[in-house]
Every structure is written in structure tokens, then in C-alpha cells.
There are 2 protein chains.
Amino acid sequence: MLGIDEQNQPGELEPVQRKSTAAIVADQLRSAIMYGSLPPGSQMGEADLAARLGVSRGPLREAMQRLVQEGLLHSEPHRGLFVATMDADDIRDLYTARLAVERAACEQIIRYRRVEAVAELTAAHSRMVAAASRGDRGELTDADQEFHETLVRGSGSPRLQRMARTLLVEKRMCLTALQDKYPADAQALVDEHRGLVAALEAGDELLLLTRLEAHMNDALERLNGSLAE
Amino acid sequence: MLGIDEQNQPGELEPVQRKSTAAIVADQLRSAIMYGSLPPGSQMGEADLAARLGVSRGPLREAMQRLVQEGLLHSEPHRGLFVATMDADDIRDLYTARLAVERAACEQIIRYRRVEAVAELTAAHSRMVAAASRGDRGELTDADQEFHETLVRGSGSPRLQRMARTLLVEKRMCLTALQDKYPADAQALVDEHRGLVAALEAGDELLLLTRLEAHMNDALERLNGSLAE
DNA sequence: ACGGGTAGCATTGTCGACAATCGACCGGCC
DNA sequence: GGCCGGTCGATTGTCGACAATGCTACCCGT
């Protein structure tokens with residue numbers, strides 16, 4: 001099996017893509033979990049997965065240990081590794097963690113990188129607007145995800161970024177699992193994000209944090225509502 | 001959102017704790033990094049380490065991939081794995097991340113588990129007092145660490161706990177690396193923690209968060225001061 | 001003497017095979 | 001008929017060996 005997608009920008013010479021195989025495989029698995037290709041609760045047969053990825057079981061196991069550490073997989077010794085399942089408590093917990101991380105990111109941004117962050121976030125938000133106007137829900141969700149990735153990246157904190165990445169994968173996993181029941185309230189989503197950018201642009205920290213908290217609560221409400229079905 | 005970790009009562013039989021070898025090895029390595037047995041920047045020779053741990057290279061590599069994911073090791077392909085080094089920026093980042101996590105933990109505690117947390121934290125704090133009165137710096141640092149572990153565990157949030165564990169290992173690593181130059185201001189440390197418990201006991205959220213932030217800033221100051229040597 | 005090239009060594013990355021463990025199925029016994 | 005013990009197949013966990021890569025030190029040419 002070939003087809004390891006690598007995005008090389010021609011002409012731009014960068015510090016060579018020196019990623020270990022385990023890291024590449026881990027990324028692949030993360031994507032598969034995010035987009036539901038490996039649904040929650042499913043067992044990951046090592047032999048099968050290794051064959052599909054074109055690597056041996058060794059590197060695959062190394063990659064899976066990374067995801068175990070992230071909490072995306074859980075291991076039952078001598079039984080196998082399973083994609084994490086999430087109940088209502090987990091979703092709540094996920095959003096308290098997200099709020100903790102993104103709130104800290106906002107504070108860092110306001111303090112050190114407000115102007116640059118506003119530009120980046122405005123761009124990310126316009127992508128959401130475009131997706132919403134086309135009614136493309138998948139693209140809207142992706143844009144939403146990228147918005148928050150951009151937000152945390154803007155903090156310039158490697159640790160917050162690392163935490164946020166895992167949390168966003170989990171969030172995306174939930175959305176994928178519940179996508180049939182998830183309400184398509186595109187306009188509200190776009191508006192909330194615009195509110196965040198506006199507050200940031202105004203440099204109003206209190207307003208920004210308030211809106212962020214409201215945004216998290218709304219998202220949590222939507223998810224829990226869908227889960228209740 | 002209740003506590004996950006339940007203390008086992010004697011005679012109460014529980015579902016045997018079966019940890020995979022990779023997890024055990026990872027814990028060992030974490031301890032070794034914390035206590036400076038594997039100093040920052042040092043390379044981890046696979047063959048040597050595997051021999052010392054009594055396992056083969058396979059499980060050892062799996063364990064190391066976990067630590068890479070945590071950010072405690074960084075990998076240079078075909079070169080080896082190295083214990084993470086931390087500069088002044090990293091220390092700052094470490095403390096913004098810690099503040100984010102522990103602040104969120106405090107909010108959760110005040111909301112849902114204030115009374116139990118006060119009891120646990122008081123116990124942890126008394127251990128600090130005892131260590132300080134004996135002038136045992138190592139024990140004091142351990143007690144400090146346990147205090148913050150208890151704090152985050154009190155939140156009942158698995159994700160906050162997972163993040164905090166890594167951050168606390170990094171913090172301990174810094175302290176170990178700088179232990180010669182680190183000022184032994186034991187009394188101030190004990191007082192700050194007592195202030196945290198008091199604010200929590202009073203249920204004064206604003207005061208608690210203010211003091212937590214001050215505590216983080218003080219610790220950061222101390223570390224940066226030591227680093228400047 | 002200095003730079004370039006090359007051979008050798010050590011370490012990492014990968015793979016296939018063996019051993020241990022678990023769940024499921026089945027037959028026998030109470 | 002229901003329960004217990006045993007066996008089988010499948011999967012995971014572990015290991016040792018091979019291949020690939022990077023670093024080091026030496027040698028040679030200018």
C-alpha cells in the first residue's frame with residue numbers, strides 16, 4: 001500500500017521532513033479516528049492494520065502507544081487496543097479541558113500576539129463563512145476545527161498546542177459519531193466565532209473570555225442534546 | 001463528574017491492576033527523568049537501557065514513544081532519542097500551561113468537590129509542613145508535587161490529570177537540574193500552599209485563583225532566578 | 001597544512017518468528 | 001439440564017537478527 005500523502009511546497013526549502021515512521025503512522029491513525037474510519041469502541045487488529053498501512057507490527061505498535069498516551073486508545077493487556085469510547089461525562093470533561101486550554105491561549109494572545117492572531121483568525125473565520133454559505137457541513141466542521149487550532153497556535157505555547165490537538169481530535173470524533181443527529185445550526189456557529197474575533201480585535205479580554213466560555217457551553221449543549229437521542 | 005481513582009478498601013477485591021509492559025517501562029523512565037537519573041539532553045542508548053531494565057528493545061521503544069508524545073523526549077530520526085532540554089522560554093511555557101490546568105482544576109473543585117478536596121489537600125499540606133520543619137528539601141519537593149497532584153486529581157477530570165502529570169514531571173526535572181542553585185525558601189513555599197487551602201476552604205473562588213496565579217508567578221520567578229546563575 | 005572523500009563502526013529502524021495469554025467452543029460429570 | 005474442566009484457534013507480547021542510516025576518523029590530493 002502506497003500513498004502516504006506528503007505536502008511539499010515546491011521551491012520552498014524547509015528543514016526536511018524528518019519524521020519517524022511511528023509519527024507518520026500515528027498521524028494516520030489519528031485521522032482515521034477523527035473521521036470515524038475507526039469508530040469508537042472498535043478493536044484495532046494489529047496484523048490487519050499493519051498490512052493496510054504497509055508497515056510491520058513493530059512501528060505500528062509504537063504509533064499506537066502514542067495514541068494510548070494521548071487517551072485516544074485504551075489498552076487491555078493481552079486483549080488488544082480499542083478506540084476510546086465517550087459517554088456524557090467524557091464529553092463534559094472534554095469541554096472543561098478545552099475551555100482551560102483555549103482560555104489560556106486567549107490570554108497569551110491578547111498579551112503578546114494580538115494583531116497577528118486577529119489576521120490569522122479572520123482568515124480562518126472567512127473559511128467558515130464560505131463553507132456555511134455553501135451549506136457544506138463537513139467543510140464547516142473542518143473550518144471550525146482549523147479556527148481553534150489557529151487560536152491555540154497563536155498562543156505560541158507548544159504545550160497548549162499539544163494538549164489542544166488531542167482534545168480537538170476527540171471533539172471531531174464525537175461530531176463524526178453523532179453527525180446524523182447533530183443539528184446544523186451553521187449560522188449560530190459562524191456568529192459565535194465572529195464574536196470571538198471581534199472581542200479579540202477590540203482587545204477586550206473579559207469579553208473574549210466570556211464569549212469563549214459561552215461558546216464552549218453552547219457546543220457542549222449541542223453535543224449533549226444530540227447524545228440524548 | 002465524580003472521582004475516578006477510588007482507594008481500595010482492605011478485603012475489597014478489585015479488578016486486578018494489569019498494566020502493559022510498555023506502561024511500566026514508561027513510568028520507570030519518567031521517574032528517571034524526574035529525578036535526574038537521565039539528565040536533560042542525554043541520549044538514551046536503546047541497547048544499554050533495555051539491558052538495564054531487563055526487557056528487549058521492542059517494549060522499550062514503545063515506552064519511549066509514549067514519552068515522545070508527552071514531550072519529555074524528542075526524537076531525531078536515525079540519531080536517537082534525547083531527554084528534552086528546557087530553556088527560559090520553555091519554563092515560562094511550562095508555567096502558563098500549569099496555570100491553565102490547575103486553575104481549571106480549582107474551578108471544578110469549588111463547584112463540585114470542595115469539602116473532600118479540602119480534606120485531601122490539608123493532609124498533603126501537613127506533609128509539606130513536616131518536611132519543612134525537618135529541613136528535608138527533597139521530601140519537601142516531593143510533598144509539593146503531591147500537593148499539586150492531589151489538587152488536580154480533586155477536579156475529577158481525567159484529561160486535566162493527564163496533562164498535569166506531564167507538566168509536573170517537567171517541573172520536577174527543572175528543580176532537579178537546578179537543585180544546587182534553587183533557593184531553599186521553604187517557609188514561603190509552605191505559606192503559599194496554606195493560602196491556597198485556606199482560600200479553597202473559604203470557598204472564595206476569586207481569592208483562590210488569584211493566589212494560584214501568584215503562586216505560579218513566584219515559582220517561575222524562583223526558577224528563572226536560578227537559571228540566570 | 002587544509003579540504004574532500006572514503007571506509008569503518010556504532011546506533012537506530014524494521015522485520016519475521018516464537019512464546020504466552022485469552023475467549024470460545026465442546027464434551028463429560030454431577 | 002446445568003455447570004465445570006479441557007482443548008483449540010486467534011491475538012497479543014516478546015525477542016533476536018538483518019538492513020539502513022549517520023557519525024567519526026583516517027587517508028589522500030592539492
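First the proteins, then the strands, lettered A, B, ... as listed; each starts at 1. Heavy atoms only: backbone and side chains are in, while hydrogens, waters and symmetry mates are out. Quantities reported herein were computed from a predicted structural model and do not represent experimental measurements.
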So side-chain hydrogen bond (donor to acceptor under 3.5 Å, both in side chains) across residues 33-42 of chain A, not counting sequence neighbours, yields Y35(A)-D142(A)
Can you pull the salt bridge (charged side-chain N to carboxylate O under 4.0 Å, His left out) pairs that have at least one residue in residues 149-158 of chain A, sequence neighbours excluded?
none
Once ring-ring contact (aromatic ring centres under 6.0 Å, His included) is applied, do any residues pair with F147(B), and if so which ones, sequence neighbours excluded?
H193(B)
Side-chain donor-acceptor pairs of residues 160-169 of chain A under 3.5 Å, sequence neighbours excluded:
unit_1  : atom_1 : unit_2  : atom_2 : d
Q161(A) : NE2    : S157(A) : O      : 3.4
R162(A) : NH1    : E70(B)  : O      : 2.7
T166(A) : OG1    : E70(A)  : OE1    : 2.5

Looking at residues at least two apart in the chain, or sitting in another chain, which of them share a side chain to side chain contact (heavy atoms under 4.5 Å, CB included) with A131(A)?
E139(A), L140(A)
Determine which pairs satisfy side-chain hydrogen bond (donor to acceptor under 3.5 Å, both in side chains) with at least one residue from residues 72-85 of chain B, sequence neighbours left out, and list them in order.
none
Measure all distances between protein nitrogen or oxygen atoms and nitrogen or oxygen atoms of nucleotides 11-15 of chain D, and list the pairs falling under 3.5 Å.
unit_1  : atom_1 : unit_2 : atom_2 : d
dT12(D) : OP1    : M44(A) : O      : 3.4
dT12(D) : OP2    : E46(A) : N      : 3.4
dG13(D) : OP1    : H78(A) : N      : 3.4
dG13(D) : OP2    : R61(A) : NH1    : 2.8
dG13(D) : OP2    : R61(A) : NH2    : 3.3
dG13(D) : N7     : R57(A) : NH2    : 2.9
dG13(D) : O6     : R57(A) : NH1    : 3.4
dT14(D) : OP1    : T21(B) : OG1    : 2.1
dT14(D) : OP2    : T21(B) : OG1    : 3.1
dC15(D) : OP2    : S56(B) : N      : 2.7

Validation: residues 219-228 of chain B side-chain donor-acceptor distances under 3.5 Å, sequence neighbours left out:
unit_1  : atom_1 : unit_2  : atom_2 : d
R222(B) : NE     : Y182(B) : OH     : 3.1
S226(B) : OG     : R222(B) : O      : 2.8

Can you sort out which residues in residues 24-32 of chain B have a heavy atom within less than 4.0 Å of DNA chain D? Ascending by number, please.
none
